[in-house]
There are 2 protein chains.
Amino acid sequence: MGGNTLKLAETSGAETGAKASPKPDRRRAPETAARILDAAESLFSQRGFYGVSLRDIATEAGVQVALTHYHFGSKDDLFRAVIDRRADEHADGMAQTLAQAVTLAGSRTDRRRAIIRAFITPIVDRSMRGGPGWKNYIRLMALVANLPQGEAFVSPFRQHFDDLIAAYVHALHALHPEMDEGDVHWCFFFFQAMTTHILVESGMLDRQSGGRFSSSDLDAMVDRLVDFVAAGFTGLGAGGD
Amino acid sequence: MGGNTLKLAETSGAETGAKASPKPDRRRAPETAARILDAAESLFSQRGFYGVSLRDIATEAGVQVALTHYHFGSKDDLFRAVIDRRADEHADGMAQTLAQAVTLAGSRTDRRRAIIRAFITPIVDRSMRGGPGWKNYIRLMALVANLPQGEAFVSPFRQHFDDLIAAYVHALHALHPEMDEGDVHWCFFFFQAMTTHILVESGMLDRQSGGRFSSSDLDAMVDRLVDFVAAGFTGLGAGGD
DNA sequence: GTCTATAATGGGATAGAC
DNA sequence: GTCTATCCCATTATAGAC
């Protein structure tokens, strides 16, 4: 996220100087809103909703504090705007990946692994290869998912993704009708719990292993996670091939 | 950050005679400190460090705001005091449970399950049967464990528990020398991730299942979690009996 | 040794300049 | 339609009363 891609606004309002171009400032408005969103996305994903002030966001974006109110309204509204900006693209992409996975042929074990992989892969792909904004966005989603219920500002997240999760659970139960429906829910819940914890980058594995192993290498993590979850299903009654 | 560890009872006025004040009805200092800790513990565990103000804590405790500073110093110091109050008892109890588990006889599968159970059981027991303060404390631990690295106020938590985790990992690797050490770390990391997510009570399972299943019934959860994790180990190379 | 009154700053939000 | 100057209140922390 280089900060030198454009000139920052002049901080002193006294001397604007006579410019050749008549209205150069008009072009800054759309970019201002995007920069506020980028800064909010980055900071919220690091310290959470309460840990970030609108001042922090404005400073990071290089704009006045009140511009956050002008463009997005209240702090709650800004948070919602951050989530909304990428939510549809993310949810649609995951739904497509799931739709492809359920059409695959193979043993039930293979198909189970394909559905599991169809959950974690699009998330990791966006985090690692979607650009800096996506990395922050994914971490924010994970952070929010790890919050206690009753936090008002997390409702936009729930709204966007709960239906999507139901589709994954349904696909897995259709593949394993011998499993109790509750157990399928539990298995996928466990899966989500691991996923969100990893994506929030707590650094727990790194610390506890004395730095020999790192959970920030997401590509190396995916294979282990899929192996672990696929095997975990058998512990709750998933049959073999 | 060099505050001494405070040993304060949980809303118990057992130490009223320490000062022998002529008007003990107005001098309720020991109880005041404990009530501040109780209030801080409860509120921090619900909304996190930044989501709670010293005003909130003082109001909940029924005392003046500045008393939090008098008894505990800064907000950071108060947070540390909340963690320190129960950390030793909790960590020692878990270490004892682990020590008992590793002495058990049986198949390797049984012994693996015993060690896994020796992690989750003392946590759930304290949360559900240790009293209201313990329930809040456990949730606070889980909340803190799910925070991104780089948050300064989480260091007391790490200090207390990282060594304990290493002991669990070591016990599991000793039981499964055929596993790669990194894979053991990863398996236990996955296990911790699930545990902390459940204990933070995100309500995700409840919502996504339309209320038909609930992750707040911890006793019902433990068996499923142990089954899932024990099976998960086999996915990363753990041998059978 | 405990607590009250008050300070000094940072918080989110608004009215109006351009 | 964009942005600046300003507001009022909540926040943490301290100084001093008892």
Side-chain angles (χ1 to χ4, degrees), chain A residues 7-19 22-37 39-40 43-44 47-81 152-153, chain B residues 1 3-4 6 8 13 15-37 39-40 43-44 47-81 152-153:
Chain A
K7 280 280 204 193
L8 291 180
E10 184 75 26
T11 53
S12 161
E15 174 58 45
T16 55
K19 298 296 182 184
K23 290 192 176 183
D25 290 347
R26 292 283 307 258
R27 287 283 153 259
R28 285 199 317 198
E31 190 173 329
T32 296
R35 280 180 37 191
I36 291 171
L37 279 182
L43 291 172
F44 280 144
R47 299 204 303 275
F49 183 77
Y50 298 118
V52 175
S53 70
L54 294 176
R55 270 185 167 71
D56 295 334
I57 293 168
T59 301
E60 176 85 5
V63 301
Q64 294 287 334
V65 189
L67 285 183
T68 65
H69 286 104
Y70 167 65
H71 285 284
F72 300 103
S74 71
K75 188 181 179 183
D76 266 58
D77 294 334
L78 172 58
F79 188 84
R80 173 180 287 269
F153 62 87
Chain B
M1 285 302 196
N4 294 335
L6 295 175
L8 285 171
E15 222 169 315
T16 40
K19 196 66 169 67
S21 153
K23 296 237 178 192
D25 52 329
R26 292 195 57 181
R27 308 284 174 185
R28 307 193 310 175
E31 189 173 328
T32 296
R35 293 214 341 231
I36 291 171
L37 279 183
L43 291 171
F44 280 144
R47 299 202 304 275
F49 182 78
Y50 298 118
V52 176
S53 70
L54 294 176
R55 232 181 189 75
D56 296 333
I57 293 169
T59 301
E60 175 86 5
V63 301
Q64 294 286 336
V65 189
L67 285 183
T68 65
H69 286 104
Y70 167 66
H71 286 284
F72 299 102
S74 71
K75 188 182 179 182
D76 265 56
D77 293 334
L78 172 57
F79 188 84
R80 172 181 287 268
F153 62 87

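Any value given below was found using the heavy atoms of this structure, including those in side chains, with hydrogens, waters and symmetry copies removed. Chain naming here is simple, since letters A, B, ... match the order of the sequence lines and numbering starts at 1 in each.
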Checklist entry - Taking atom P of D:dC18 as reference, at what distance in whole Å does atom CD of B:Q64 sit? => result 15 Å
Next on the checklist: Rounded to whole Å, please give me the gap between CZ in A:R47 and C1' in C:dG11.
Outcome noted: 14 Å
What pairs of donor and acceptor atoms, side-chain ones from residues 57-64 of chain B against any protein atom, are under 3.5 angstrom apart with sequence neighbours left out?
from	atom 1	to	atom 2	distance (Å)
B:T59	OG1	B:R55	O	2.9

Grab the N/O contacts between the protein and nucleotides 11-15 of chain D below 3.5 Å, and write none if there aren't any.
from	atom 1	to	atom 2	distance (Å)
D:dT12	OP1	B:L54	N	3.2
D:dT12	OP1	B:K75	NZ	3.4
D:dT12	OP2	B:L54	N	2.8
D:dA13	OP2	B:H69	NE2	3.1
D:dA13	OP2	B:K75	N	3.2
D:dA13	N7	B:H69	ND1	3.4

Next on the checklist: List the residues meeting salt bridge (charged side-chain N to carboxylate O under 4.0 Å, His left out) with A:D77, not counting sequence neighbours, and say none if there are none.
Outcome noted: none
Next on the checklist: Angle between ring planes, B:F44 versus B:F79, binned at 30° and 60°: parallel, tilted or perpendicular?
Outcome noted: perpendicular
Checklist entry - What is the distance, rounded to the nearest whole Å, between atom OH of A:Y50 and atom C1' of C:dG10? => result 18 Å
Item to check | Below 4.0 Å: OP1/OP2 of C:dG1 and any side-chain N or O of B:H71 | outcome: no
Item to check | Whole-Å distance separating the CZ atom of B:R35 from the C1' atom of C:dT2 | outcome: 14 Å
Checklist entry - What closest approach, in Å, do B:H69 and B:L54 show between heavy atoms, and which atom pair accounts for it? => result CE1-CD1, 3.5 Å
Item to check | Criterion side chain to side chain contact (heavy atoms under 4.5 Å, CB included) on A:H71 and A:L37, from CA distance to verdict | outcome: CA-CA 10 Å; A:H71 285 284; A:L37 279 182; over 6 Å; no
Checklist entry - OP1, OP2 of D:dC3 versus side-chain N and O of A:T32: anything below 4.0 Å? => result yes
Item to check | Mutual orientation of the aromatic rings belonging to B:F49 and B:F153 [parallel < 30°, tilted 30-60°, perpendicular > 60°] | outcome: parallel
